[in-house]
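Heads up, the thing below is written out as C-alpha coordinates.
The sequence lines fix the lettering, A, B, ..., with proteins before strands; numbering per chain opens at 1. Because only heavy atoms are used, hydrogens play no part in the values below, and waters and symmetry mates are left out as well, while side chains stay in.
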There are 2 protein chains.
Amino acid sequence: MNNRLEEIRKQRGIKQEELAAALEVSRQTIGSLENGRYNPSILLAFRIARFFGMSIEEIFIYEEDDRV
Amino acid sequence: MNNRLEEIRKQRGIKQEELAAALEVSRQTIGSLENGRYNPSILLAFRIARFFGMSIEEIFIYEEDDRV
DNA sequence: TTAAAATGGAAAGCAGACTTTACATTTTTA
DNA sequence: TAAAAATGTAAAGTCTGCTTTCCATTTTAA
(Lines give C-alpha, C1' and ligand atoms only; values in the text may rest on other atoms or scores of the structure.)
Protein backbone atom coordinates (compact mmCIF):
# COMPACT_ATOMS: atom_id res chain seq x y z
CA MET A 1 0.00 0.00 0.00
CA ASN A 2 1.25 3.48 -0.85
CA ASN A 3 0.45 6.68 0.97
CA ARG A 4 0.73 10.44 0.55
CA LEU A 5 1.73 11.17 4.13
CA GLU A 6 5.03 12.91 3.53
CA GLU A 7 3.56 15.01 0.73
CA ILE A 8 0.56 16.08 2.82
CA ARG A 9 2.65 16.72 5.94
CA LYS A 10 5.02 18.95 4.00
CA GLN A 11 2.13 20.81 2.37
CA ARG A 12 1.05 21.73 5.88
CA GLY A 13 4.59 22.69 6.81
CA ILE A 14 4.87 20.47 9.84
CA LYS A 15 7.67 18.25 11.04
CA GLN A 16 7.51 14.51 11.63
CA GLU A 17 7.90 15.17 15.33
CA GLU A 18 4.98 17.60 15.41
CA LEU A 19 2.73 15.22 13.53
CA ALA A 20 3.76 12.41 15.85
CA ALA A 21 2.93 14.53 18.89
CA ALA A 22 -0.45 15.54 17.48
CA LEU A 23 -1.32 11.91 16.81
CA GLU A 24 0.23 10.66 20.06
CA VAL A 25 2.54 8.18 18.37
CA SER A 26 6.33 8.08 18.17
CA ARG A 27 8.34 9.99 15.57
CA GLN A 28 9.66 6.64 14.34
CA THR A 29 6.13 5.51 13.58
CA ILE A 30 5.59 8.51 11.30
CA GLY A 31 8.93 7.94 9.59
CA SER A 32 8.19 4.27 9.12
CA LEU A 33 4.82 5.02 7.54
CA GLU A 34 6.25 7.69 5.23
CA ASN A 35 8.99 5.35 4.08
CA GLY A 36 6.71 2.36 3.65
CA ARG A 37 8.29 0.17 6.30
CA TYR A 38 4.81 -0.82 7.46
CA ASN A 39 1.13 0.06 7.20
CA PRO A 40 -0.78 1.88 9.93
CA SER A 41 -3.38 0.16 12.06
CA ILE A 42 -6.88 1.19 11.04
CA LEU A 43 -7.16 3.26 14.21
CA LEU A 44 -4.03 5.23 13.39
CA ALA A 45 -5.22 5.62 9.79
CA PHE A 46 -8.46 7.15 11.11
CA ARG A 47 -6.56 9.50 13.40
CA ILE A 48 -4.27 10.61 10.58
CA ALA A 49 -7.21 11.18 8.24
CA ARG A 50 -9.12 13.11 10.86
CA PHE A 51 -6.05 15.22 11.69
CA PHE A 52 -5.69 16.28 8.06
CA GLY A 53 -9.42 16.65 7.49
CA MET A 54 -9.34 14.04 4.74
CA SER A 55 -10.66 10.53 4.16
CA ILE A 56 -8.54 7.45 4.65
CA GLU A 57 -8.86 6.74 0.94
CA GLU A 58 -7.43 10.15 0.04
CA ILE A 59 -4.28 9.47 2.02
CA PHE A 60 -3.70 5.72 1.76
CA ILE A 61 -3.67 4.13 -1.65
CA TYR A 62 -4.78 0.53 -1.73
CA GLU A 63 -3.42 -1.55 -4.57
CA GLU A 64 -5.34 -4.46 -5.96
CA ASP A 65 -2.73 -7.06 -5.15
CA ASP A 66 -2.21 -6.01 -1.53
CA ARG A 67 -2.78 -9.11 0.57
CA VAL A 68 -3.96 -9.20 4.16
CA MET B 1 -14.36 1.10 16.99
CA ASN B 2 -17.79 -0.04 15.85
CA ASN B 3 -18.70 -1.39 12.45
CA ARG B 4 -21.75 -2.20 10.35
CA LEU B 5 -20.39 -5.43 8.90
CA GLU B 6 -23.10 -7.81 10.05
CA GLU B 7 -25.83 -5.40 8.99
CA ILE B 8 -24.33 -4.87 5.54
CA ARG B 9 -23.56 -8.55 5.03
CA LYS B 10 -27.16 -9.51 5.87
CA GLN B 11 -28.54 -6.80 3.60
CA ARG B 12 -26.67 -8.52 0.79
CA GLY B 13 -27.98 -11.92 1.91
CA ILE B 14 -24.61 -13.59 2.19
CA LYS B 15 -23.19 -15.88 4.85
CA GLN B 16 -20.08 -15.28 6.95
CA GLU B 17 -18.42 -18.14 5.13
CA GLU B 18 -19.18 -16.66 1.72
CA LEU B 19 -17.88 -13.25 2.72
CA ALA B 20 -14.76 -14.86 4.17
CA ALA B 21 -14.15 -16.74 0.93
CA ALA B 22 -14.65 -13.63 -1.20
CA LEU B 23 -12.16 -11.72 0.95
CA GLU B 24 -9.78 -14.65 1.28
CA VAL B 25 -9.78 -14.63 5.08
CA SER B 26 -11.04 -17.20 7.55
CA ARG B 27 -14.67 -17.41 8.69
CA GLN B 28 -13.46 -16.75 12.24
CA THR B 29 -11.96 -13.47 11.16
CA ILE B 30 -15.35 -12.30 9.87
CA GLY B 31 -17.10 -13.46 13.02
CA SER B 32 -14.51 -11.77 15.20
CA LEU B 33 -14.91 -8.48 13.34
CA GLU B 34 -18.70 -8.60 13.47
CA ASN B 35 -18.65 -9.27 17.18
CA GLY B 36 -16.03 -6.66 17.96
CA ARG B 37 -13.32 -8.99 19.21
CA TYR B 38 -10.77 -7.03 17.22
CA ASN B 39 -10.35 -4.44 14.49
CA PRO B 40 -9.34 -5.27 10.92
CA SER B 41 -5.95 -4.40 9.52
CA ILE B 42 -6.17 -1.46 7.14
CA LEU B 43 -5.60 -3.82 4.22
CA LEU B 44 -8.55 -5.99 5.23
CA ALA B 45 -10.66 -2.86 5.80
CA PHE B 46 -9.87 -1.75 2.25
CA ARG B 47 -10.78 -5.17 0.86
CA ILE B 48 -14.06 -5.22 2.76
CA ALA B 49 -14.96 -1.71 1.63
CA ARG B 50 -14.10 -2.50 -1.96
CA PHE B 51 -16.10 -5.74 -1.85
CA PHE B 52 -19.21 -3.87 -0.72
CA GLY B 53 -18.59 -0.89 -3.00
CA MET B 54 -18.44 1.45 -0.03
CA SER B 55 -15.85 3.61 1.72
CA ILE B 56 -14.03 2.46 4.84
CA GLU B 57 -15.69 5.31 6.72
CA GLU B 58 -19.17 4.07 5.76
CA ILE B 59 -18.49 0.66 7.28
CA PHE B 60 -16.14 1.28 10.19
CA ILE B 61 -17.12 3.87 12.77
CA TYR B 62 -14.20 5.56 14.46
CA GLU B 63 -14.90 6.92 17.92
CA GLU B 64 -13.02 9.89 19.27
CA ASP B 65 -11.49 8.06 22.21
CA ASP B 66 -10.21 5.06 20.24
CA ARG B 67 -6.50 4.86 20.97
CA VAL B 68 -3.85 3.35 18.73
C1' DT C 1 -38.88 -32.07 15.82
C1' DT C 2 -34.78 -33.86 14.46
C1' DA C 3 -30.76 -33.24 11.28
C1' DA C 4 -28.05 -29.98 8.96
C1' DA C 5 -26.28 -25.50 8.41
C1' DA C 6 -24.67 -21.28 10.33
C1' DT C 7 -22.63 -18.79 13.90
C1' DG C 8 -20.04 -18.06 18.47
C1' DG C 9 -15.97 -18.41 20.57
C1' DA C 10 -11.53 -20.34 22.77
C1' DA C 11 -6.47 -21.65 22.36
C1' DA C 12 -1.98 -21.67 20.40
C1' DG C 13 1.04 -19.89 17.04
C1' DC C 14 2.95 -16.54 13.66
C1' DA C 15 3.44 -11.97 11.62
C1' DG C 16 3.01 -7.19 11.73
C1' DA C 17 2.23 -2.50 14.21
C1' DC C 18 4.06 0.31 17.63
C1' DT C 19 7.31 1.52 21.51
C1' DT C 20 11.87 2.98 23.43
C1' DT C 21 16.64 3.47 22.87
C1' DA C 22 20.42 4.46 20.22
C1' DC C 23 23.18 6.11 16.57
C1' DA C 24 24.07 7.73 11.64
C1' DT C 25 22.98 10.75 7.92
C1' DT C 26 20.93 14.74 5.81
C1' DT C 27 19.15 19.31 5.90
C1' DT C 28 18.78 23.84 7.76
C1' DT C 29 20.40 27.90 9.96
C1' DA C 30 23.53 31.09 12.21
C1' DT D 1 31.20 26.00 7.16
C1' DA D 2 30.24 24.47 11.63
C1' DA D 3 26.56 23.57 14.92
C1' DA D 4 21.84 22.39 15.44
C1' DA D 5 17.73 20.40 13.85
C1' DA D 6 15.37 17.01 11.24
C1' DT D 7 15.14 12.61 9.36
C1' DG D 8 16.61 7.56 8.52
C1' DT D 9 16.91 3.32 10.39
C1' DA D 10 17.93 -0.80 13.37
C1' DA D 11 17.06 -3.85 17.48
C1' DA D 12 14.42 -5.80 21.08
C1' DG D 13 10.13 -6.02 23.34
C1' DT D 14 4.89 -5.94 23.71
C1' DC D 15 0.41 -6.28 21.86
C1' DT D 16 -2.91 -7.21 18.33
C1' DG D 17 -4.62 -9.24 13.82
C1' DC D 18 -5.18 -13.41 11.55
C1' DT D 19 -4.63 -18.48 11.06
C1' DT D 20 -5.98 -23.36 12.10
C1' DT D 21 -8.23 -26.54 14.96
C1' DC D 22 -11.86 -27.66 17.79
C1' DC D 23 -16.22 -27.74 20.08
C1' DA D 24 -20.72 -25.51 21.66
C1' DT D 25 -24.81 -23.03 20.60
C1' DT D 26 -28.27 -21.13 17.61
C1' DT D 27 -30.85 -21.00 13.44
C1' DT D 28 -32.85 -23.09 9.35
C1' DA D 29 -34.97 -26.58 6.76
C1' DA D 30 -36.85 -31.25 5.79
Output the residues of residues 6-22 of chain A in contact with DNA chain D, where contact means a heavy atom of the residue under 4.0 Å from an atom of the strand; sort by number or write none. A/R9, A/K15, A/Q16
Assess whether a salt bridge exists between A/R9 and A/E18, defined as any Lys/Arg side-chain N lying under 4.0 Å from an Asp/Glu carboxylate O. no
Is it true that A/R4 and A/E58 make a salt bridge, defined as a side-chain N closer than 4.0 Å to a carboxylate O? no
Residue pair B/R27/B/L33 against DNA chain D: nearer the 5' end by closest nucleotide is B/L33
For [X] and [N], what is the distance between atoms [atom1] and [atom2] respectively, to the nearest whole Å?
| X | N | atom1 | atom2 | result |
| --- | --- | --- | --- | --- |
| A/F60 | C/dA17 | CZ | P | 12 Å |
| B/L43 | C/dA15 | CG | P | 17 Å |
| A/I48 | C/dA17 | CD1 | P | 12 Å |
| A/L44 | D/dT16 | CG | P | 15 Å |
| B/E34 | C/dT7 | CD | C1' | 9 Å |
| A/N39 | C/dA17 | CG | C1' | 9 Å |
| B/D66 | C/dC18 | CG | P | 14 Å |
| A/N35 | D/dA6 | CG | C1' | 13 Å |

Please examine the side chains of B/K10 and B/K15, heavy atoms only from C-beta on, and report whether any two atoms are closer than 4.5 Å. no
Could you tell me whether the side chain of A/L5 reaches within less than 4.5 Å of the side chain of A/L19, counting heavy atoms only? yes
Using only heavy-atom distances, determine whether the side chains of A/S32 and A/T29 contain a donor-acceptor pair under 3.5 Å. no
So for B/Q28 and C/dG9, does any side-chain atom that can act as donor or acceptor lie under 3.5 Å from a complementary atom in the base? yes
Among C/dG9, D/dC18, C/dC18, the one nearest any side-chain atom of B/R37 is C/dG9
Of the listed nucleotides C/dA10, D/dG8, C/dT19, the one nearest the side chain of A/S26: C/dT19
Atom CG of B/L33 and atom CZ of B/F60: how far apart are they, to the nearest 0.5 Å? 6.0 Å
Which angle, rounded to 10°, do you find between the first-five-pair axis and the last-five-pair axis of the helix from C/dT1-D/dA30 to C/dA30-D/dT1? 50°
Selection residues 23-33 of chain A - residue pairs positive for salt bridge (charged side-chain N to carboxylate O under 4.0 Å, His left out), sequence neighbours left out: A/E24-A/R47, A/E24-B/R67
Determine yes or no for a side-chain-to-main-chain donor-acceptor pair under 3.5 angstrom, with A/E57 supplying the side chain and B/I56 the backbone. yes
Any donor-acceptor pair under 3.5 Å linking the side chain of A/N35 with the backbone of A/R37? no
Base, sugar-phosphate alone, or nothing: which one does A/S41 contact when heavy atoms must sit under 4.0 Å apart? sugar-phosphate
